[in-house]
Amino acid sequence: MNIQEEVSSAIQQAVTALYQHEIGDVVLQPTKKEFEGTYTFVTFPLTKTLRQAPAQIGQAIGAWLVENTDVVRAFNVVQGFLNISIADAAWLKVLTNIAAKPAFGTFPSQNRDGKPKSVMVEFSSPNTNKPLHLGHLRNIFLGDSVSRILTANGYNVAKTCIVNDRGVHICKSMLAYQLFGEGETPESSGMKGDHLIGKYYVLFDKAYKAQVEEMVAAGTDKETAEKTAPLMQQVQQMLRMWEQNDPETLVLWNKLNGWVYAGFDATYRTIGITFDKIYYESQTYLLGKEIIEAGLQQGIFYRKDDNSVWIDLTEEGLDQKLVLRADGTSVYITQDLGTTELKYEDFGADRQIWVVGNEQDYHFNVLFSILRRLGRPYASELFHLSYGMVDLPTGKMMSREGTVVDADDLIQETIDAASAAADDAAKGKLDEFSEKEKTELFQMLGLGALKYYLLKVDPQKRMQFNPAESVDLHGNTGPYIK
RNA sequence: GCAUUCGUAGCUCAAUUGGAUAGAGCACCUGACUACGGAUCAGGAGGUUUGGGGUUCGAAUCCCUACGAGUGCACCA
């Protein structure tokens, strides 16, 4: 029993002894620093049942505690707050206990059948058509942090990442590379693979917009122009080829994605992030259909006349939701149902956490509701760690307007700023360090600053990113606190 | 329109989840140091917690309402 529990039960005994009254659980809170004491017991709630003024109750209980226990040394009462000071002997006991436990601060693996509880945390989840940006960094640091916290709390944590490596957006980069690439490679261009592909994604968008504008100028209305522009048709064609496993398309797809992965890996390495398992959507996007079939049999889903399959979630305050198209193909939610099941099977994960932006709040509500309806054993242990977008002082980040803050650039800038500031502050004291040691030091300082800056705001809220402040070494920043 | 998240000092954020006098940093003001309109140190000012109602011993926190901002409401992912 720890001190807090001892005091709590002592208070219960005190109330019984003094007032012949049984009270429920006693909640203690740490005493505010401007008052004497360690723990505080609030007596206001007792005034009704005990029919006495709050301060009086405090006095009575406090006196009883000093008299009858050896944990409590002294007390004082301010209105309805009973501040309790703990005896030195009791602290001594706590300290010796801590000293005897080498793993103090971490909790032992806990669980029902002796095995540690396992939890899966999914984060980062990038697309393979452009490099990581500031938003990803908030996501990644959040995911990494909860993983560490859970590990310290005795969970067996599996960090996963699901890569969105297929679809129209990927085909856009692929097509642009095919048309304008002229065999350029990361080596020949000296660019990181993910940045190189990002360049072609932007190039596609430019060429496509120009084409649409041209058509509009020639008299086509905007909507049809967007749909029928030759470049868009070529992209659709490429997607069909990919789905039919066309060898040539797959070779290109593999080559470009490979460059992007190499780029991502470099970034992850710099910031010290690793994953236990990476899922690829190209391998999971067909999952989930069996679950729908099974659910149909149980009457959880229903089929409309046009053969599409739906679920009615109006009881949960949500809408009717399509889970299978009329042609039998799956949608986003179908795929997520399948992937969740797959992750459960792969890791036996009792719990799953998704670190995903708050624009997907509704999607996860629906996903969890469906899994509950299906009676999946893990359905009550799913959590969407939702976080707000990151704004710049100039406004929102927009990839179209080119106002995104690139992750690699940002990391480099932060490290540079750290090195400049550290050099300045140390005034030559760093000379005794080797170049390698210095680089490591600056990297540590810079990344620490960046992490702290992105994590100090409540995840739920939108936050504003101020480049100058993020690399500042004073004030409420990582380096200063260190 | 419906759903959902949010609104705290001039700015960016806290507040141990319903507790005591709502706290930090930046910016600002005063003083010290001084070859500086810089750096550092000491101090100060700054608030009807968006407005209004309610719940209770007690509300920034819970409920209702108005206003303001973000996001979502695809047979895209």
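Note that this is a predicted model, so its numbers are computed, not measured. Residue numbering restarts at 1 for every chain, and letters A, B, ... go by the order of the sequence lines.
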> Does N139(A) reach the main-chain N or O of S124(A) with its side chain, forming a donor-acceptor pair under 3.5 Å?
Replying inline: yes
> Between V457(A) and M389(A), who's closer to the 5' end of RNA chain B by nearest nucleotide?
Replying inline: V457(A)
>> What does the B/S/- profile of nucleotides 16-28 of chain B look like, 5' to 3', with a 4.0 Å heavy-atom cutoff to protein?
In response: B--BB----S---
>> What's the separation between atom OG in S470(A) and atom CG in L410(A), rounded to the nearest 0.5 Å?
In response: 6.0 Å
>> Under the salt bridge (Lys or Arg N to Asp or Glu O under 4.0 Å) definition, can you give me all pairs with a residue in residues 290-318 of chain A, not counting sequence neighbours?
In response: E316(A)-R373(A)
> What would the secondary structure line of RNA chain B be in dot-bracket form, counting Watson-Crick and G-U wobble pairs under 3.5 Å, with [ ] for pairs that cross earlier ones and | for pairs with another strand?
Replying inline: (((((((..((((.....[...)))).(((((.......))))).....(((((..]....))))))))))))....
Show me the donor-acceptor pairs within less than 3.5 Å that the side chains of residues 331-338 of chain A make with the rest of the protein, sequence neighbours left out.
residue: Y332(A); atom: OH; partner: Q360(A); partner atom: OE1; Å: 2.7
residue: T334(A); atom: OG1; partner: V323(A); partner atom: O; Å: 2.5
residue: T334(A); atom: OG1; partner: V331(A); partner atom: N; Å: 3.0
residue: T334(A); atom: OG1; partner: V331(A); partner atom: O; Å: 3.2
residue: Q335(A); atom: NE2; partner: E281(A); partner atom: OE1; Å: 3.3
residue: D336(A); atom: OD2; partner: H363(A); partner atom: NE2; Å: 2.8

>> What is the separation between atom NE2 on H384(A) and atom P on G72(B), rounded to the nearest whole Å?
In response: 13 Å
> Can you check the F364(A) CZ to C73(B) P distance for me, whole Å?
Replying inline: 14 Å
> Nearest-Å distance, CG (L337(A)) to C1' (A77(B))?
Replying inline: 14 Å
Enumerate donor-acceptor pairs with a distance under 3.5 Å from any side-chain N or O in residues 39-46 of chain A to protein atoms, sequence neighbours excluded.
residue: T40(A); atom: OG1; partner: T31(A); partner atom: OG1; Å: 2.7
residue: T40(A); atom: OG1; partner: N83(A); partner atom: OD1; Å: 2.7
residue: T43(A); atom: OG1; partner: P54(A); partner atom: O; Å: 3.0
residue: T43(A); atom: OG1; partner: G80(A); partner atom: O; Å: 3.0

> With rounding to whole Å, what would you report as the distance between G19(B) and C11(B) at their C1' atoms?
Replying inline: 30 Å
> To the nearest angstrom, how far is D361(A) atom CG from A3(B) atom P?
Replying inline: 16 Å
>> Students often get this wrong, so: under 4.0 angstrom with heavy atoms, is N127(A) touching a base, only sugar-phosphate, or nothing?
In response: nothing
>> Taking the P atom in each of G10(B) and G47(B), what is the distance between them to the nearest angstrom?
In response: 7 Å
> Rounding to the closest angstrom, what is the interatomic distance between A14(B) and C62(B) at atom P?
Replying inline: 15 Å
>> Are Y453(A) and F465(A), when compared by the centres of their aromatic rings, separated by less than 6.0 Å?
In response: yes
> Say you draw a straight line from OH of Y280(A) to CD1 of I162(A); how long is it, rounded to the nearest 0.5 Å?
Replying inline: 11.0 Å
> Roughly, in whole Å, what's the span from CG in L455(A) to P in A14(B)?
Replying inline: 12 Å
>> I need the CD-P distance between E226(A) and C76(B), as an integer number of Å.
In response: 17 Å
> Restricting to pairs with a member in residues 119-130 of chain A, which pass salt bridge (Lys or Arg N to Asp or Glu O under 4.0 Å), not counting sequence neighbours?
Replying inline: E122(A)-K343(A)
>> Can you pull out the residues from residues 164-171 of chain A that lie within a 4.0 Å heavy-atom distance of RNA chain B?
In response: N164(A)
> With under 30° as parallel and over 60° as perpendicular, where do the rings of W354(A) and F368(A) fit, or are they tilted in between?
Replying inline: tilted
> Which whole-number value in Å describes the distance from H363(A) NE2 to A74(B) C1'?
Replying inline: 13 Å
> What are the residues of residues 315-329 of chain A, sorted by number, that bring a heavy atom to within less than 4.0 Å of RNA chain B?
Replying inline: L322(A), R325(A), A326(A)
>> When the P atoms of G52(B) and C29(B) are compared, how many Å lie between them, rounded to an integer?
In response: 33 Å
> When the P atoms of G68(B) and U55(B) are considered, how many whole Å apart are they?
Replying inline: 28 Å
> Looking at RNA chain B, which of residues 459-467 of chain A put a heavy atom within less than 4.0 Å of it?
Replying inline: Q460(A), K461(A), R462(A), M463(A), Q464(A)
> Hey, does the side chain of D319(A) reach the backbone of K321(A) with a donor-acceptor pair shorter than 3.5 angstrom?
Replying inline: no
>> Measuring only the P atom in each nucleotide, how far is A22(B) from C26(B)? A whole number of Å is fine.
In response: 22 Å
>> Distance check, C1' atoms only: A9(B) and A74(B), in whole angstrom units.
In response: 44 Å
>> Angle between ring planes, Y200(A) versus Y177(A), binned at 30° and 60°: parallel, tilted or perpendicular?
In response: perpendicular
> Can any side-chain N or O of W253(A) pair as donor or acceptor with the backbone N or O of D165(A) at less than 3.5 Å?
Replying inline: yes
>> Counting only side-chain heavy atoms from C-beta out, which of A77(B), G72(B), C57(B) sits nearest to E281(A)?
In response: A77(B)
> How many angstroms lie between atom CD1 of I11(A) and atom CD1 of I23(A), to the nearest 0.5 angstrom?
Replying inline: 7.5 Å
>> Tell me every residue that passes ring-ring contact (aromatic ring centres under 6.0 Å, His included) with H136(A), counting only those two or more places apart in sequence or in another chain.
In response: H133(A)
Tabulate below the donor-acceptor pairs under 3.5 Å that side-chain atoms of residues 229-240 of chain A make, not counting sequence neighbours, or state none.
residue: Q237(A); atom: OE1; partner: R240(A); partner atom: NH2; Å: 3.2

> What interatomic distance, in whole Å, is found between P of A27(B) and the corresponding atom of U17(B)?
Replying inline: 33 Å
> Is the base of U17(B) syn or anti, where syn means the angle lies within 90° of 0?
Replying inline: syn
>> Taking salt bridge (charged side-chain N to carboxylate O under 4.0 Å, His left out) as the definition, give me every residue that meets it alongside E341(A), ordered by chain and number, with sequence neighbours left out.
In response: R376(A)
> Short question: side chain of N358(A), backbone of D361(A) - any donor-acceptor pair under 3.5 Å?
Replying inline: no
> Starting at the 5' end of RNA chain B and moving along, which residue's nearest nucleotide shows up first, K48(A) or Q335(A)?
Replying inline: K48(A)
